Every structure is written in structure tokens, then in C-alpha cells.
Amino acid sequence: MEDDLGNWRRTHYSEELNADIEEDVTIAGWVHEIRDLGGVMFLIIRDRKGKVQVTLPEKKVKDKLMDKISEISKESVLMVQGQVKEDERAPGGLEVLPKEIKVLSDAETPLPIDVAGEVNTELDNRLNSRFLDLRNPETLSVFKIRDKTFTEVRKFLEKEGFIEMTSPKMVATATEGGTELFPISYFEKEAFLNQSPQLFKQIMMASGLDKVYEIGPIFRAEEHDTRRHLNETTSIDIEMAFSDHTDVMGILERLINYVYEKIEQECSEELKKLDKDLKPPELPFERIKYDEAVDICNKKGIEITWGEDFPTPGEKAIGEEIGDYYFIVDWPSEIKPFYAQPKEEKEISKAFDLMHPEFELSSGAQRVHSIELLKKRMINQDLEPSEFKFYLDAFKYGMPPHSGWGLGAERLLMAITGKPNIREVVLFPRDRKRLIP
RNA sequence: GCCCGAGUAGUGUAGUGGCCUAUCAUGUAGCCCUGUCGAGGCUACGACCCGGGUUCAAAUCCCGGCUCGGGCGCCA
């Protein structure tokens with residue numbers, strides 16, 4: 001029989017309890033462990049912030065309460081009202097002696113995954129029961145860090161004078177190319193899920209907002225099947241007027257450094273649970289030219305001809321050589337999108353990639369702001385300028401030079417948490433095979 | 001999409017032709033125990049992905065399917 005919440009409310013999280021609290025407290029959470037020693041019973045109650053022991057000495061607790069609790073199953077939801085008591089025999093030196101307990105929800109047994117984390121459950125099973133997986137303090141740590149990361153990214157960009165914007169996720173055709181799109185039905189029209197906010201944040205550069213950023217979902221219909229790709233992911237995008245690529249590279253490296261510092265300082269408990277030793281990367285990040293990167297690959301036996309993008313083994317080879325975050329600059333124009341500004345030597349562009357030793361994190365560039373050059377580059381890349389009218393119009397009536405980048409939020413979180421699989425840092429990942437839950 | 005590998009109790013595993021009536025841990029259920037903290041002790045429960053084939057004999061070998069993992073490609 002499950003109890004009614006009634007007028008009970010949580011007065012304290014586990015972490016907030018201390019021996020100086022004289023009045024009765026009400027704690028709320030899940031039964032993490034049950035240890036029945038016969039004459040005394042211990043319940044470990046877990047909430048978002050930690051765990052606390054509830055001690056039930058048989059002689060001091062009402063029979064009715066004892067009977068009720070002796071039938072409890074792990075992971076059931078409880079509220080406990082009682083006295084906080086200091087006792088060095090209790091884990092953490094504190095325990096709660098209950099006067100009343102409400103069983104708000106009985107948990108079925110057995111559980112589909114091991115929540116306590118003593119037996120490692122495979123990711124696939126964990127994702128099928130993500131709500132239970134989150135009850136594992138290690139998994140929870142990943143998502144507390146994720147939350148903190150987004151908070152700090154926003155703080156940093158706000159401090160730098162950026163304005164948060166939101167672009168549409170449902171679009172007609174005409175995106176910047178380079179990837180497959182998911183088609184959707186939009187009343188009588190065909191539409192797509194947007195691959196990035198690129199075109200929209202550039203349009204805002206003609207609005208006078210000067211510095212904008214967006215954190216939001218992007219969709220790619222590629223049939224990739226790797227540990228570092230998803231079909232729905234989160235991008236952190238900025239666009240900045242009156243700037244060139246070197247300006248936004250500076251913002252990017254300082255942002256990464258700042259987020260690392262903040263996580264290191266304010267998520268030390270979470271990092272410890274993940275067994276991750278986080279060191280902010282030193283500023284400035286190394287900048288290597290595309291040509292140098294090609295040389296490194298060739299030296300290491302990965303053959304690349306000029307004008308090709310780096311294959312996965314190439315990225316790893318360069319990462320091994322550098323050992324920390326680095327930029328690749330001076331990319332051939334032909335392998336960068338139409339909106340990347342060419343340098344005076346036209347075959348080189350003002351585009352850059354930010355690399356982690358194991359994967360790409362971000363790419364950006366100074367953008368083309370001349371409408372004539374834009375049209376020319378579109379045609380070169382087999383795109384039809386007339387389909388981009390909504391975008392090109394923004395370049396007609398005063399468009400300042402501008403630059404920006406897009407940063408893969410999940411890639412950043414992989415780097416911070418040290419998780420080898422991108423699915424670990426997304427609550428409900430969407431990949432080639434998974435659409436549920 | 002290509003290549004490689006794997007599917008054994010709820011979870012994680014051992015077992016690679018007969019010693020399998022299938023190992024161990026965890027879990028679940030029950031009993032004992034007044035200070036546990038990965039509690040302990042005793043007892044019980046629970047599994048060979050599906051379909052076909054080879055063989056006297058298949059968890060084990062072969063074929064097909066399904067599912068999962070890794071690498072690559074594509075892509076960020």
C-alpha cells in the first residue's frame with residue numbers, strides 16, 4: 001500500500017543535514033541500500049545531492065513502522081521524518097532516527113540494471129533504462145557537469161557581449177550543404193530539420209546585433225556509426241561582426257580554457273566520481289597550418305594529398321604529435337564551405353578547425369561578406385544562388401565583415417568527462433539505430 | 001554503407017564437440033544476527049538470441065536472420 005504525499009515536503013537534502021539541526025527534518029529519496037542486521041536496520045536514502053543513513057533500532061521504533069519498512073524494496077521512493085543525530089558509526093557521521101516514514105512508491109524487483117554500479121552494465125542496457133541509470137552517481141555526475149558546462153558557456157559569452165538567439169529548426173531547403181538532411185512533412189510543403197544555425201546567425205550580422213550566440217540542437221542524416229557521432233546533437237555557435245578569424249579563435253580558446261577552469265573548481269566531486277583529472281589546456285593553443293598537418297600525416301605513414309580532408313587515422317596521428325588542443329589553419333578553400341573567406345592567395349581560406357587530440361571539436365572561419373563572391377563560390381560548389389535568396393538578401397544592404405564558429409557541445413563534454421562514447425554525455429541519444437527512448 | 005568481433009539467469013561473466021543436471025559474482029526470496037558502511041553466515045530461485053543444418057552427441061561446428069560492440073567511410 002503506497003502512502004499519500006499529504007502535506008509532507010522535503011526540508012533538507014542529504015547534503016544539508018548536520019548535527020545542529022534540532023527540529024525534525026523531512027528527507028525524500030530512493031532506497032539505495034537496505035541492511036537488516038536483525039535488531040537494527042539501516043536504510044541508505046539517496047537523493048540528488050548524496051546519501052544519508054536512516055537507522056531503525058528495533059526496540060526504539062514502533063512495530064507498525066518496522067513491519068512496513070521490512071517489506072521495502074530497493075529503489076522505492078520514501079520520505080522520512082525524524083531527528084538528525086551525530087554518530088561516528090554512521091557513514092558520514094550522521095544518521096536520521098525516524099519517527100514516521102511514508103512509502104510513496106514501491107519499486108518492482110528485480111531492477112533491469114544495477115543502479116549501485118557494482119556490476120557494470122552495458123551502455124545499451126543503461127540507455128534503455130536511462131532514468132535508472134541516472135540514479136547511479138557516476139552517470140549523474142556526467143549530467144551535472146553537462147549542466148554546469150552550458151551555464152558557464154552562457155556566462156562567458158554574455159560577459160564577452162554576446163546576445164543569445166534562437167534560429168528555426170524546421171527549414172525549407174537550401175542549407176549550406178556538406179551533409180544529408182532529415183526530411184519532414186510541413187503541411188503541404190516538404191521541409192527539413194536544420195543541420196546548423198549557420199545561415200541564420202550570419203543573417204543576424206546584418207541586423208546590427210554584432211555578437212550573437214546560439215546553443216541548440218542540430219540534425220544530420222548521415223548514416224555514421226561511431227563513438228563520436230550522433231544524428232541529433234547540440235551545437236554552440238557564435239557569430240561576431242567586425243572581426244576576422246583570429247578574433248573568434250581567441251574567443252574559442254579562452255572559452256575552452258574558462259570552462260575547464262570552472263568545471264575543475266566547481267565540479268571536483270563529480271570529476272572524482274568519474275575518476276577524471278582535469279587540467280585546463282594552456283593558452284594560447286598551438287596553431288598549425290594545414291600544410292604542416294599534411295606533412296605530419298605523411299611522415300607517420302598516412303598518405304594525404306594536398307586538398308584532401310584528414311581521415312580519422314590522420315586526425316589521431318596529428319593529435320598524438322601535438323598532445324593537446326590545437327588549431328589547424330590555412331585550409332584549402334575548396335574543402336571549406338562557400339561562406340569561408342579566401343585569403344589573398346585564393347586557394348587558402350581564413351577557416352580553422354579546433355582539434356582535441358582525439359577528435360575535431362569545432363570549425364569556423366571569417367565569412368565571405370561580399371555578395372558577389374558568395375554567389376561565385378556557391379556556383380563553384382554546385383549550389384544554386386537563387387535558392388539562397390533569403391540568405392543573400394542580408395548581404396545587399398550593408399553587411400559588415402564577420403566571423404564565427406560552431407562547437408560540438410557533446411564533443412567538448414567527452415573531452416571534459418573523459419567518456420569515450422558520445423552517447424554517455426547525452427540523456428537520450430539519437431543514432432543510426434536508436435530512436436527510443 | 002564496408003570490414004572485424006560478440007550474443008549464456010534481472011545485471012555482469014566462465015565454459016570453444018561428450019567431464020554441462022552450465023561456473024562465479026551480483027541480484028531476488030527466505031532464515032540467523034543490535035552498528036552496518038562493497039556487512040556477514042546458511043538455504044533456495046533464475047540463463048545457453050531465433051530458425052535451419054552437421055554429428056551417435058551442439059552453449060560449443062556450419063548456414064541464414066535479429067540484436068549489440070569495435071574500426072573505417074560519410075560527417076561535426
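Chain naming here is simple, since letters A, B, ... match the order of the sequence lines and numbering starts at 1 in each. Quick caveat, the model's predicted, so the values are computed rather than measured.
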Novice: Just to be sure I understand the rule, does Asp225(A) reach a base, reach only the sugar-phosphate, or reach nothing, if contact means heavy atoms closer than 4.0 Å?
Specialist: base
Novice: Given the C1' atoms of A22(B) and A47(B), what is the spacing between them in whole Å?
Specialist: 9 Å
Novice: Just checking Gln53(A): base, sugar-phosphate only, or nothing, at a heavy-atom cut-off of under 4.0 Å?
Specialist: base
Novice: Round to the nearest Å and state the distance from Leu181(A) atom CG to C74(B) atom P.
Specialist: 18 Å
Novice: Could you tell me how far U21(B) sits from C72(B) if I compare only their P atoms? Round to whole Å.
Specialist: 44 Å
Novice: Between Arg126(A) and Asp133(A), is the closest basic N to carboxylate O distance under 4.0 Å?
Specialist: yes
Novice: Return the minimal non-hydrogen interatomic distance between Leu104(A) and Asp3(A), and the atom names on each side.
Specialist: CD2-O, 3.6 Å
Novice: Determine the interatomic distance between P on C45(B) and the same-named atom on A6(B); round to the nearest Å.
Specialist: 33 Å
Novice: For the side chain of Glu95(A) and the base of G35(B), is some donor closer than 3.5 Å to an acceptor across the two?
Specialist: yes
Novice: With sequence neighbours left out, what residues match Asn421(A) under side chain to side chain donor-acceptor pair (under 3.5 Å)?
Specialist: Arg423(A)
Novice: Does Arg227(A) put a side-chain nitrogen or oxygen below 4.0 Å from OP1 or OP2 of G71(B)?
Specialist: yes
Novice: Assign Ser73(A) to base, sugar-phosphate, or nothing according to its heavy-atom contacts below 4.0 angstrom with the strands shown.
Specialist: nothing
Novice: Do the side-chain N or O atoms of Lys316(A) get closer than 4.0 angstrom to the phosphate oxygens (OP1, OP2) of C72(B)?
Specialist: yes
Novice: Can a side chain N or O of Asn421(A) be found less than 4.0 Å away from OP1 or OP2 on G70(B)?
Specialist: yes
Novice: According to a strict under-4.0 Å criterion, is Thr312(A) in side-chain N/O contact with OP1 or OP2 of G73(B)?
Specialist: yes
Novice: Expressed as a whole number of Å, how far does the P atom of U26(B) sit from that of C20(B)?
Specialist: 23 Å
Novice: Both Asp353(A) and Arg432(A) contact RNA chain B. Which one's nearest nucleotide lies toward the 5' end?
Specialist: Arg432(A)
Novice: Taking the C1' atom of each, how far is U23(B) from C62(B), in whole Å?
Specialist: 27 Å
Novice: Quick check on RNA chain B: between Arg228(A) and Pro57(A), whose nearest nucleotide comes earlier from the 5' end?
Specialist: Pro57(A)
